[in-house]
Asks: 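Sharing a structure with you now.
These numbers were taken from a predicted model, which means no experiment stands behind them.
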Amino acid sequence: MANLCAPEGIGELQYQMVKELYPYCRSITGDGVRATLRAIGKKIDLQIHEVPTGTKVLDWQIPKEWNIRDAYIKDPEGRKIVDFNKSNLHVLNYSAPVNTKVSLEELKQHLYSIPEKPDLIPYRTSYYKEAWGFCLTHNQLESLKPGIYEVFIDATLKDGALTYGECFIPGASDTEVLLSAHVCHPSLANDNLSGIALLSYLARYLGEHALRYSYRILFAPGTIGSITWLARNAEKVPRIRHGLIVSCVGDGGGPTYKRSRQGNAEIDQAVEYVLGRQFSSPVVQDFSPYGYDERNYCSPGYNLAVGLLERSKYGEFPEYHTSADNLEFVRPEYLEQSYRAVVEIVNIIESNRRYRNLMPHGEPQLGKRGLYDQTGGANEKKDRQMAVLWVLNQSDGSMSLLDIARKSGLPFQYISDAASQIQAAGLAEEVADVRL
Amino acid sequence: MANLCAPEGIGELQYQMVKELYPYCRSITGDGVRATLRAIGKKIDLQIHEVPTGTKVLDWQIPKEWNIRDAYIKDPEGRKIVDFNKSNLHVLNYSAPVNTKVSLEELKQHLYSIPEKPDLIPYRTSYYKEAWGFCLTHNQLESLKPGIYEVFIDATLKDGALTYGECFIPGASDTEVLLSAHVCHPSLANDNLSGIALLSYLARYLGEHALRYSYRILFAPGTIGSITWLARNAEKVPRIRHGLIVSCVGDGGGPTYKRSRQGNAEIDQAVEYVLGRQFSSPVVQDFSPYGYDERNYCSPGYNLAVGLLERSKYGEFPEYHTSADNLEFVRPEYLEQSYRAVVEIVNIIESNRRYRNLMPHGEPQLGKRGLYDQTGGANEKKDRQMAVLWVLNQSDGSMSLLDIARKSGLPFQYISDAASQIQAAGLAEEVADVRL
Amino acid sequence: MANLCAPEGIGELQYQMVKELYPYCRSITGDGVRATLRAIGKKIDLQIHEVPTGTKVLDWQIPKEWNIRDAYIKDPEGRKIVDFNKSNLHVLNYSAPVNTKVSLEELKQHLYSIPEKPDLIPYRTSYYKEAWGFCLTHNQLESLKPGIYEVFIDATLKDGALTYGECFIPGASDTEVLLSAHVCHPSLANDNLSGIALLSYLARYLGEHALRYSYRILFAPGTIGSITWLARNAEKVPRIRHGLIVSCVGDGGGPTYKRSRQGNAEIDQAVEYVLGRQFSSPVVQDFSPYGYDERNYCSPGYNLAVGLLERSKYGEFPEYHTSADNLEFVRPEYLEQSYRAVVEIVNIIESNRRYRNLMPHGEPQLGKRGLYDQTGGANEKKDRQMAVLWVLNQSDGSMSLLDIARKSGLPFQYISDAASQIQAAGLAEEVADVRL
């Protein structure tokens, strides 16, 4: 099994991809998503699905497709004071078209700002209630003078399709790992271009290696996207053994992990273990039924082992859903840290096995088998020696390598390497995994 | 199901009842208990039982009936220096009669005081060893001068009966909730006129509502009273699903909850949940086999789910079993707080159910079912919306509403309301409770 | 069942034994071990086993026998600067013989010192790699001047035997308690003459009492000794129900307890309970597969309930494996404390039973059975009364007396005495222990 690691320059590569995708005006449907998926498809083998408006998906229906070309507000003097071309956050996402003149008073009923953060443009949506509107800074809103304003949104809301992308990387087993990022947010860098970039580069990297599990990487609009995938893939759902939603992984906060509904699934253990070793103060929270697509994967009828990995938690960082979630907020070094964490999580689920000690009575004599004199510096040597003892002692067929790593406090890699050495020395055999 | 709440002025009502019953000289048998039960019987439909002296009850026998008319000590000058009419605590409870003259030295062998609390009269009993005695302040005891004292206790200890009262409120099910207060203490306000008053008003209130469970409210002397009830009602014991001993609920301390012997019964969960929300620092303790009547209900042969609810814990507040446990120590506002807690505990056990999500695959679309736009202020709205998501996500048939309330941190009422809405929308069905 | 206690002067007796055995030059084989076992055999009935070199024991082979008569280094002026007769730590334990002259440079490749503790001679071994060497203080090593040194080790490494001793004390049941100390360290007082002395006197004391379990006390070289015993006694292994490795029990640190691999075996509970009551800050650690002979008894094929009891933990006290682990480091009072702890642990496993309350419905009337008025001072009286209530309440056949002692926080002796009283009063019966 390949020991995966973060490729050189992976932080910068992800960052450049965030930068490339930042200008697109994405929504839950429409050409913004299509352009994004096309860009991803240049890096990896991406299957793009189009699901027609009106299609029934579980309890939902595919909504109309939204496309926008231009939008602005002109003040009484005819100056464009709010311009979609300057920031696509200015338009209420999924807004109905409009082309009219209104008084300031009426206009204000269609304006969104954040009084507590007067310099920032908010990101707002109106998916399931048809409405038009603009978002702007509170400072600008406050400065508007009475008069007649021209409002123009050149958008269409009509039958079309919902678009999502799927990258499938076959492994030795058809048991699957699901990795998913939402693609419905417009010019927001952390939420969720960071997740898109991380999973794109991870998919490319995984595709170059022999893997134990098959990997399914989804790029789909939030909520309705996972609903749609679940509705269309009932036969694939039971194959999913581990899953991770990846979002907001480009800032320097957290990391934050929300456990799957199962609470102590192997993916939960793996993520907690990795974050605990790679970060100084990770935050781990129990599942709650609000958030990103884990709310659907973890609905009680599926109850999949899918957790949510983020740096700062959605809704809790000041830049969240504002124009401050921009290309300065996410940094290559944070993207690289996040990538390293995900790769190590993959390493663990790829390598996690159970062994049975074949010489379980007393400690075997390690010296004569070359298991005593471990290489490495003084500390590593000692730790690797302990890893051999731990694996021998705990391998009764029930404890996984991850269980042993957690119990011993040693690096998973040392435990995994020790297991390989012990197996090679004929002292242990792998226990068959009936789910593979 | 009615949503029970504390009636207007319930604190003052309870307090007036404490005041009314305070002067009676109660004991484990006798007319003091009878008068108390008669007073309770004016408020609720109370069945009064008389069990003859000598009747075998489990491992015990009904003791003699004790009645007292007068008692005093006269000093060598013939002045009444200790007078039963001033405080019934002055007489050793269940004291044998006496009418004689004794030296100070001999008298002192029959006097009880508390050197550490020299201003207070202690409450002492001698139930199972025949003896006569008086209780007085340590200051008074110290001031007694040598000489001959006249001691007089006009009491009788003879065959009669043990008296207890029982109020049964039938509900939809004959599965029962047992609520119990001891009625054997004389002029002590908190221990346990507070419990008597709370359960009297609660019984009256419960009787006005349609209930899921049947309620049995017992007013019986401590220890021997519960032994007697258990001995005479073997066929009813298996019907008891939840139980609470209520005592010392009129002071401002605690609250203190002692778990049932089961430790994590539904009543334990409900009480802990309610106290945690209604009070800033409730104390919850594991079961121990000493205390009030829970020691009998939780004996291993019964092992009923019966806990003990108090404010300050018996034996640990300075006023405990002294003349300071008086009408100034208990306050209407504390009685009202305690009542509110018990009513909310009843609400929870009345409303606690399990549901099964009928659309468990993915999150149902709430908007089209009117489950999205919850009414209420901003925070309540958000919490009520979350309650809907929590109930949907957790309702796999195994989690109760109380489990969900505890897990989510949301008010039980929101969870319960959400379940009703979800059920009304056809998204969930109640799981039958085989014990009802 | 006898209530065992620490005999008068037991600290001093142990200390004198440590002192007597201190000069012997022990190793994993050879006459040092034999002399030690003979000395133990003067105090207790010890069966001494000799297992020939080359015998296969589990995955190991009995190594050659090592004996040493003299050893020294002479400096270029012919002065003995390192002398085995002054401290047997000066010779690398199990060293090959040597008799030659070497330059300082070459000599240094065979010298061991501790730069961080320049005044102490280290204890070093070379069991499984044939080598010769000397140990000395770092100060002395630093002071050596260039020149030709004479090195002489009059030792033999040849076929012989491994020697270990075994004391078997039969009890009412042939289910066994295993107590073990390693005997392979030369002049080190705490590690492990303290353990040898404690178990010798304990064995003598146990032999004078009627016991429930049979006791097997092993004195064997570390690692290879337990391997050898296990290999030769496969039929006895299943009889071992509780076990304790005793080492480093003569200093004032800790105590430290390392749990058995099972983690919550009865021996683990008993040790933790006793240490928690007898010491102010005992340290309890989970099992790890490195250390003394527990690593073999707790290998997964045996998984015996064997823990490790120490004061300061091996490897963590500054005197560990140096000349400072001497007769001043261990003290009679610490040996006495350790002995008291082990005796109390034995008391608990000897007395731990399960009872079934025969009158489980309600609290039995204790007064009429003489179970109410417990003797003793005010606090003891109260605690002994509570012990009766606890045993009655918890004795449903599943809870052991130790479980009840832990739950109640009362002394095990009170719980055990209460159970005897209750049984004598006909209120409870002992539940048969199918493993005895």
Asks: Name the region of B:Phe287, side chain, backbone, both or neither, that has any atom closer than 4.5 Å to a heavy atom of chain C.
Replies: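 Interface part for B:Phe287: both.
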Asks: Using non-hydrogen atoms and a 4.5 Å limit, figure out which bit of B:Tyr302 sits close to chain C: side chain, backbone, both or neither.
Replies: both
Asks: So, do C:Leu389 and B:Arg295 sit near enough that their side-chain heavy atoms are less than 4.5 Å apart?
Replies: yes
Asks: Give me the atom names and distance for the closest heavy-atom approach of B:Pro289 to C:Met386.
Replies: CD-CE, 4.3 Å
Asks: Is any side-chain heavy atom of C:Gln365 closer than 4.5 Å to a side-chain heavy atom of B:Tyr128?
Replies: yes
Asks: Which atoms of C:Arg356 are under 4.5 Å from chain B, going by heavy atoms: the side chain, the backbone, both sets, or neither?
Replies: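 When you check distances to chain B, no heavy atom of C:Arg356 falls under 4.5 Å.
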Asks: Give me the atom names and distance for the closest heavy-atom approach of C:Lys368 to B:Asp59.
Replies: NZ-O, 2.5 Å
Asks: Is the CD atom of C:Glu430 crowded by more than 12 outside heavy atoms at less than 6.0 Å?
Replies: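 For C:Glu430, atom CD is crowded (more than 12 foreign heavy atoms under 6.0 Å).
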Asks: Could you tell me if the side chain of C:Gln394 sits less than 4.5 Å from the side chain of B:Arg261, heavy atoms only?
Replies: yes
Asks: A side-chain contact here means heavy atoms from C-beta on lying under 4.5 Å apart; do C:Asn393 and B:Pro300 qualify?
Replies: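 With C-beta onward as the side chain, the pair touches.
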Asks: Between atom CD of C:Glu363 and atom CG of B:Asp293, what is the distance when rounded to the nearest 0.5 Å?
Replies: 10.0 Å
Asks: Looking at every non-hydrogen atom in both residues, tell me the closest pair between C:Pro360 and B:Ser299 and how far apart they are.
Replies: O-OG, 3.2 Å
Asks: Count the heavy atoms belonging to other residues, nucleotides or ligands that lie under 6.0 Å from OH of B:Tyr290, then report whether that count exceeds 12.
Replies: no
Asks: Is the NZ atom of B:Lys129 crowded by more than 12 outside heavy atoms at less than 6.0 Å?
Replies: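 Count not over threshold, so no.
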Asks: For C:His361 and B:Gly301, which heavy atoms make the closest approach, and how far apart are they?
Replies: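 Answer, listing the atom of C:His361 first, then B:Gly301: NE2-O, 3.5 Å.
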